[in-house]
Amino acid sequence: MSKIHASAVIEDGAKIADTAEIGPFCWISSQAKIGENVRLLGRVTIYGDTTIGDGTVVFPGACLGTGPQDHGNEFVEGAKVIIGKNNVIRENVTIHAGTPKEHKTTVVGNGCMLMVNSHVAHDCVIGNDVIMTNNAVIGGHVRLGDGVILGGNSAVHQFCRIGRKAMIGGLSGVDRDVIPFGIVTGDRGKLRGLNRIGMMRSGMDEATIKSVTHAFMYIFKGKEDTFDIRVEKAKEKYKDNVLVMEQLNFISDGLIGRRKVMTAE
């Protein structure tokens, strides 16, 4: 049997795994699905059709699955939040359900840490092993790739994409897409270079990192041609470099969607 505190309120219909723990003063909706070994430590609110994957721990004050802050779509039938496995969701985190604009679904991957007061808006998709530091917030429809780190009090504008293993510095505002492995700092965020430490921690050797750095200098710091032309030339020049091609494909996907990619100073 699940370990459920006597003060918790569980609506009829909620699906709670036998190994889950529900702490004091939690409230769980009738549509919620709570996985194996999930721990809701206390005063956690789970609204609507919200799934919490195995092994996730949710700290007091978190409110997951409420309607979006999107005028006219605050209460949408069928809106959901899907949270993966082994996440740590700290105090007062908020994650909002999706809207009809994009499949009605907000998604958080596996192994993420969402620190105190961080906010995930409607229709966002967060990859695996993402860290959102205290008070980091992302607007609606944002995409965070695997291993992204958002520094404290940073903010990502709606519809932006942050590529895999990119790092956003504290207090930075991001209003354009950020390439995989990029590093952004400044109150109005600017692309400063590559997240070399993150790349090393991912197991990339020095030669690999240097090759990506050389490509970065050509694409973003080159003086010949326009940025768009350098991107096209780089596709041939670096066609055998998987990591550089990941960056180039990310840029091209953004151009197709008429997104602006953050360029270096």
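Nothing here was measured: the structure is a model prediction, and the numbers come from that model. Because only heavy atoms are used, hydrogens play no part in the values below, and waters and symmetry mates are left out as well, while side chains stay in.
Met167 and Asn195 get closest at one heavy-atom pair: CB-ND2, 3.8 Å. Minimum heavy-atom separation, Gln31 to Gly48: CB-O, 3.5 Å. Residues Gly23 and Ala8 approach most closely at O-CB, 3.8 Å, considering heavy atoms. Taking every heavy atom of both residues into account, Ala121 and Cys124 meet most closely at O-SG, 3.3 Å. Ala17 and Ser2 get closest at one heavy-atom pair: O-OG, 2.5 Å. Nearest heavy atom pair, residue Leu41 against residue Pro24, reads O-CD, 3.7 Å.
Residue Ile131 is not grouped with residue Ile83 when hydrophobic side chains (ILVMFWY) are merged at heavy-atom distances under 4.5 angstrom, including chains of intermediate members. Criterion: ILVMFWY side-chain heavy atoms under 4.5 Å apart, direct or through other members. Under it, Met262 and Leu248 are part of a common hydrophobic cluster. Phe181 and Ile251 fall within the same hydrophobic cluster, defined by Ile, Leu, Val, Met, Phe, Trp and Tyr side-chain heavy atoms under 4.5 Å apart, directly or through other members. Linking Ile, Leu, Val, Met, Phe, Trp and Tyr whenever their side-chain heavy atoms come within less than 4.5 Å puts Met200 and Leu243 in one cluster. Transitive grouping of hydrophobic side chains (ILVMFWY, heavy atoms separated by less than 4.5 Å) brings Ile10 and Val81 into a common cluster.
At a threshold of 4.5 Å between non-hydrogen side-chain atoms, the residues Val108 and Val130 do not count as touching. Residues Val212 and Arg196 have side chains not in contact (no heavy-atom distance under 4.5 Å, counting atoms from C-beta outward). In this structure the side chain of Phe250 never reaches within 4.5 angstrom of the side chain of Arg164, judged on heavy atoms. Between Ile138 and Met132 there is a side-chain heavy-atom pair separated by less than 4.5 Å. In this structure, Asn117 and Arg90 have side chains that are not in contact, with every pair of non-hydrogen atoms separated by 4.5 Å or more. Side-chain atoms of Tyr238 and Tyr218, non-hydrogen and from C-beta on, do get closer than 4.5 Å to each other. When side chains are defined from C-beta on, Ile89 does not count as touching Val44, because their heavy atoms never get closer than 4.5 Å. In this structure the side chain of Phe227 reaches within 4.5 angstrom of the side chain of Ile219, judged on heavy atoms.
Looking at Lys104, its side chain does come within 3.5 Å of a backbone N or O of Glu77 through a donor-acceptor pair. At distances below 3.5 Å, not a single donor-acceptor pair connects side-chain atoms of Thr51 with backbone N or O atoms of Ile82. Panel note: side chain Glu74, backbone Gly72; a donor-acceptor pair is recorded below 3.5 Å. Checked by atom type and distance alone, the side chain of Asn86 never pairs as donor or acceptor with a backbone atom of Asn110 at under 3.5 Å. Side-chain atoms of Lys233 never come within 3.5 Å of backbone atoms of Val231 as a donor-acceptor pair (strictly under, hydrogens ignored). With Glu11 contributing its side chain and Ser30 its backbone, the two residues share a donor-acceptor pair below 3.5 Å. In this structure, Thr133 contributes its side chain and Asn153 its backbone to no donor-acceptor pair below 3.5 Å. At least one donor-acceptor pair closer than 3.5 Å links the side chain of Arg230 to the backbone N or O of Glu224. Under a 3.5 Å cut-off, the side chain of Asp146 and the backbone N or O of Gly127 do not form any donor-acceptor pair.
One distance of note links NZ of Lys235 with NZ of Lys239; it measures 14.0 Å at 0.5 Å rounding. To the nearest 0.5 Å, the span separating CG on Leu194 from CZ on Phe220 amounts to 8.5 Å. Taken from CD1 in Ile22 to CD1 in Ile16, the straight-line distance is 4.5 Å, to the nearest 0.5 Å. For the atom pair Ile28 CD1 and Leu64 CG, the distance stands at 10.5 Å (nearest 0.5 Å). Between atom OG1 of residue Thr185 and atom CZ of residue Arg188 there is a gap of 13.5 Å, rounded to the nearest 0.5 Å. To the nearest 0.5 angstrom, Gln247 atom CD is 4.0 Å from Ile179 atom CD1.
Of the N and O atoms on the side chains of His5 and Ser7, at least one donor lies less than 3.5 Å from an acceptor on the other residue. For the residue pair Asp205 / Thr208, a side-chain donor-acceptor distance below 3.5 Å is found, with atom types taken as modelled.
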Report task. Please test Leu150 against Leu144 for side chain to side chain contact (heavy atoms under 4.5 Å, CB included), starting from the C-alpha separation and ending with a verdict. Result -> CA-CA 10 Å; Leu150 301 185; Leu144 302 183; 4.0 Å; yes

**Report entry** Asn37 vs Asp54, side-chain hydrogen bond (donor to acceptor under 3.5 Å, both in side chains): CA-CA, chis, key distance, verdict
**Finding:** CA-CA 6 Å; Asn37 299 308; Asp54 300 348; over 6 Å; no

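At most 12 heavy atoms of other shown residues, nucleotides or ligands fall within 6.0 angstrom of atom OH in Tyr47. For CE of Met217, the number of neighbouring non-hydrogen atoms (other residues, nucleotides, ligands) closer than 6.0 Å is 12 at most.
Judged by the 6.0 Å and 45° rule, Arg43 forms no cation-pi pair with Phe25.
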List, one per line, each side-chain donor-acceptor pair under 3.5 Å for residues 91-101, sequence neighbours excluded.
residue : atom : partner : partner atom : Å
Thr94   : OG1  : His119  : ND1          : 2.7
Thr99   : OG1  : Lys101  : N            : 3.3
Thr99   : OG1  : Asp123  : OD2          : 2.7
Lys101  : NZ   : Asp70   : OD1          : 3.1
Lys101  : NZ   : Asp70   : OD2          : 3.3

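A salt bridge links Asp177 to Arg161: at least one charged side-chain nitrogen sits closer than 4.0 Å to a carboxylate oxygen.
With Leu114 as the fixed residue, the side chain to side chain contact (heavy atoms under 4.5 Å, CB included) test singles out one of Asn134, Val120, Val58, Asn87: Val120.
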